Colleague: 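My questions will all concern the structure given below.
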Amino acid sequence: MPDTPLSAFLRARRRSLAPAEVGLPAGPRRRTPGLRREEVAVRAGISADYYARLEQGRQRLPTGPVLDGIARALLLAESERAYLHRLAHGQRPAAPAADRDGVGAATRALLSTLDRTPAFVTGPRFDLLAWNPQAGALMADPASRPAVERNLLWQVFCCPYGAAERANHAPADSIGADLVAGLRAQHADRPDDRELTALVARLSAQSRAFAALWARHRAGPPRQGRLSLRHPDLDAEVLDYTVLGLPDGGQHLFVFLAPGGGPAPDAFRRLRPASTVEVGR
């Protein structure tokens with residue numbers, strides 16, 4: 001049978017889990033990375049044959065308790081456990097396009113109040129939907145860029161400035177890893193989203209770092225973190241940021257913080273922003 005998102009996820013997570021992480025000896029006879037299928041099955045309380053059928057895409061509709069057992073066996077975080085259930089039992093209805101891609105008046109008003117630090121709003125595919133003047137200056141005027149470049153993933157993995165900073169692409173605790181995990185979570189909710197599928201294919205072709213992180217099958221919402229960059233109008237090369245979920249489906253607000261805990265006006269005073277909130281077209 002053809003591979004499925006569920007089977008691919010299970011294989012990737014099993015292979016990424018070291019025996020020592022679950023209290024098993026590595027042993028001299030292990031020829032493949034990660035745990036054996038039989039070891040996962042024992043930890044999950046199911047038969048090895050049943051688990052093998054799941055990984056091979058031959059088993060349909062595993063029950064909730066079975067999935068919870070597998071989540072515990074693979075040491076999945078809560079967000080990844082929820083992602084596992086969504087892969088196995090169908091997806092939540094996608095939000096209407098207007099809700100996903102439109103930026104409401106309240107969100108625009110919020111951006112306009114953030115006038116001392118860069119802030120922007122992204123959609124489910126991390127397209128840049130709207131940004132305040134400071135963010136526009138930080139990202140070299142997204143409004144003037146082609147649509148494919150008005151995307152936070154492109155900025156981190158394909159833009160010459162973002163791609164050059166390896167810290168942005170570390171397998172754990174990096175903005176790249178978090179964004180890929182967030183995109184993977186959105187992918188489970190929207191399996192028929194052709195634009196999302198095309199974005200994954202395009203980024204995988206352009207960035208080995210993205211392709212490697214996508215293959216890890218991590219899933220979860222974006223978190224606060226750090227962005228490494230070199231900007232002529234900033235003294236710092238590392239900026240902290242925080243992320244807030246917005247009511248509109250799949251949208252997030254990213255807000256950059258002053259480096260080193262200093263006052264925001266001093267940190268971003270050299271940026272030359274425009275005067276209004278911009279909305280992507």
Side-chain angles (χ1 to χ4, degrees), residues 1-19 21-22 24 32-94 124-126 153 169-174 176-194 196-201 203-204 207-223 250:
M1 294 185 67
D3 203 11
T4 67
L6 174 62
S7 61
F9 175 78
L10 291 175
R11 284 197 306 273
R13 298 313 307 274
R14 173 175 61 82
R15 292 170 178 171
S16 69
L17 195 59
E21 294 182 79
V22 297
L24 294 173
T32 57
L35 299 183
R36 299 186 178 100
R37 287 175 177 169
E38 296 81 2
E39 292 167 337
V40 175
V42 169
R43 287 175 49 79
I46 57 179
S47 73
D49 180 67
Y50 184 91
Y51 180 77
R53 293 200 304 271
L54 284 174
E55 277 205 6
Q56 294 164 358
R58 296 188 292 118
Q59 181 67 45
R60 301 295 184 185
L61 297 179
T63 66
V66 166
L67 292 172
D68 287 338
I70 293 173
R72 289 191 296 270
L74 295 176
L75 304 183
L76 300 185
E78 177 57 31
S79 60
E80 293 170 327
R81 186 193 69 82
Y83 174 73
L84 175 64
H85 277 263
R86 295 196 331 256
L87 285 178
H89 287 159
Q91 321 307 336
R92 297 192 302 258
R125 297 178 292 272
F126 294 109
L153 286 152
H169 314 139
D173 298 326
S174 71
D178 278 357
L179 291 177
V180 171
L183 193 69
R184 174 72 73 176
Q186 296 290 354
H187 197 73
D189 283 344
R190 299 172 173 87
D192 298 324
D193 187 334
R194 294 182 180 179
L196 186 61
T197 301
L199 174 64
V200 171
L203 291 172
S204 296
S207 170
R208 291 182 179 179
F210 175 88
L213 288 170
W214 184 255
R216 290 172 63 86
H217 284 261
R218 296 283 180 179
R223 306 171 297 176

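Note that this is a predicted model, so its numbers are computed, not measured.
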Colleague: Taking atom CG of Leu179 and atom CG of Leu153, what is their separation to the nearest 0.5 Å?
Modeller: 5.0 Å
Colleague: Working to the nearest 0.5 Å, report the span between CD of Gln56 and OG of Ser7.
Modeller: 9.0 Å
Colleague: When you compare the side chain of Val180 with that of Arg218, does any pair of heavy atoms fall below 4.5 Å?
Modeller: no
Colleague: Which residues pass the side-chain contact (heavy atoms from CB on, under 4.5 Å) test with Ala77, not counting sequence neighbours?
Modeller: Ser79, Glu80
Colleague: The criterion is side-chain contact (heavy atoms from CB on, under 4.5 Å); which residues satisfy it with Pro5, sequence neighbours excluded?
Modeller: Leu87
Colleague: Just do the side chain to side chain contact (heavy atoms under 4.5 Å, CB included) check on Gln186 and Asp193 with the steps written out, would you?
Modeller: CA-CA 10 Å; Gln186 296 290 354; Asp193 187 334; over 6 Å; no
Colleague: Looking at residues at least two apart in the chain, or sitting in another chain, which of them share a side-chain contact (heavy atoms from CB on, under 4.5 Å) with Ser174?
Modeller: Ala170, Ala177
Colleague: Do any N or O atoms from the side chain of Ser207 and from the backbone of Leu203 form a donor-acceptor pair under 3.5 angstrom?
Modeller: no
Colleague: Can you measure from CZ (Arg86) to CG (Leu6) and round to the nearest 0.5 angstrom?
Modeller: 13.0 Å
Colleague: My understanding is that only residues two or more places apart in sequence, or in another chain, count here; which of them pass salt bridge (charged side-chain N to carboxylate O under 4.0 Å, His left out) with Arg208?
Modeller: none
Colleague: So which atom in Asp178 and which in Arg223 form the shortest heavy-atom distance, rounded to 0.1 Å?
Modeller: OD1-NH2, 2.9 Å
Colleague: Hey, does Leu74 have a side-chain heavy atom less than 4.5 Å from the side chain of Leu10?
Modeller: yes
Colleague: In chain order, what residues pass the side-chain contact (heavy atoms from CB on, under 4.5 Å) check against Ala8, with sequence neighbours excluded?
Modeller: Asp3, Arg11, His217
Colleague: I need the Leu213 CG to His169 NE2 distance, nearest 0.5 Å.
Modeller: 8.5 Å
Colleague: Just jot down the ring-ring contact (aromatic ring centres under 6.0 Å, His included) partners of Phe9, sequence neighbours excluded, or say none.
Modeller: Tyr83
Colleague: Looking at every non-hydrogen atom in both residues, tell me the closest pair between Leu183 and Phe126 and how far apart they are.
Modeller: N-CE1, 3.7 Å
Colleague: Show me the donor-acceptor pairs, under 3.5 Å and distance only, between side chains in residues 34-50 and residues at least two apart or in other chains.
Modeller:
{"from": "Arg36", "atom 1": "NH1", "to": "Glu39", "atom 2": "OE2", "distance (Å)": "3.4"}
{"from": "Arg37", "atom 1": "NE", "to": "Glu55", "atom 2": "OE1", "distance (Å)": "3.0"}
{"from": "Glu39", "atom 1": "OE1", "to": "Arg30", "atom 2": "NH1", "distance (Å)": "3.3"}
{"from": "Glu39", "atom 1": "OE1", "to": "Arg30", "atom 2": "NH2", "distance (Å)": "3.2"}
{"from": "Glu39", "atom 1": "OE1", "to": "Arg36", "atom 2": "N", "distance (Å)": "2.8"}
{"from": "Glu39", "atom 1": "OE2", "to": "Arg30", "atom 2": "NH2", "distance (Å)": "2.4"}
{"from": "Arg43", "atom 1": "NE", "to": "Ala73", "atom 2": "O", "distance (Å)": "3.0"}
{"from": "Arg43", "atom 1": "NH2", "to": "Arg72", "atom 2": "O", "distance (Å)": "3.3"}
{"from": "Arg43", "atom 1": "NH2", "to": "Ala73", "atom 2": "O", "distance (Å)": "3.2"}
{"from": "Ser47", "atom 1": "OG", "to": "Tyr50", "atom 2": "N", "distance (Å)": "3.0"}
{"from": "Asp49", "atom 1": "OD2", "to": "Arg53", "atom 2": "NH1", "distance (Å)": "2.2"}

Colleague: Using 30° and 60° as the class limits, which term best fits the ring planes of Trp214 and Phe210: parallel, tilted or perpendicular?
Modeller: parallel
Colleague: First locate atom CG of Leu75, then atom CZ of Arg81, and finally report the distance between them rounded to the nearest 0.5 Å.
Modeller: 14.5 Å
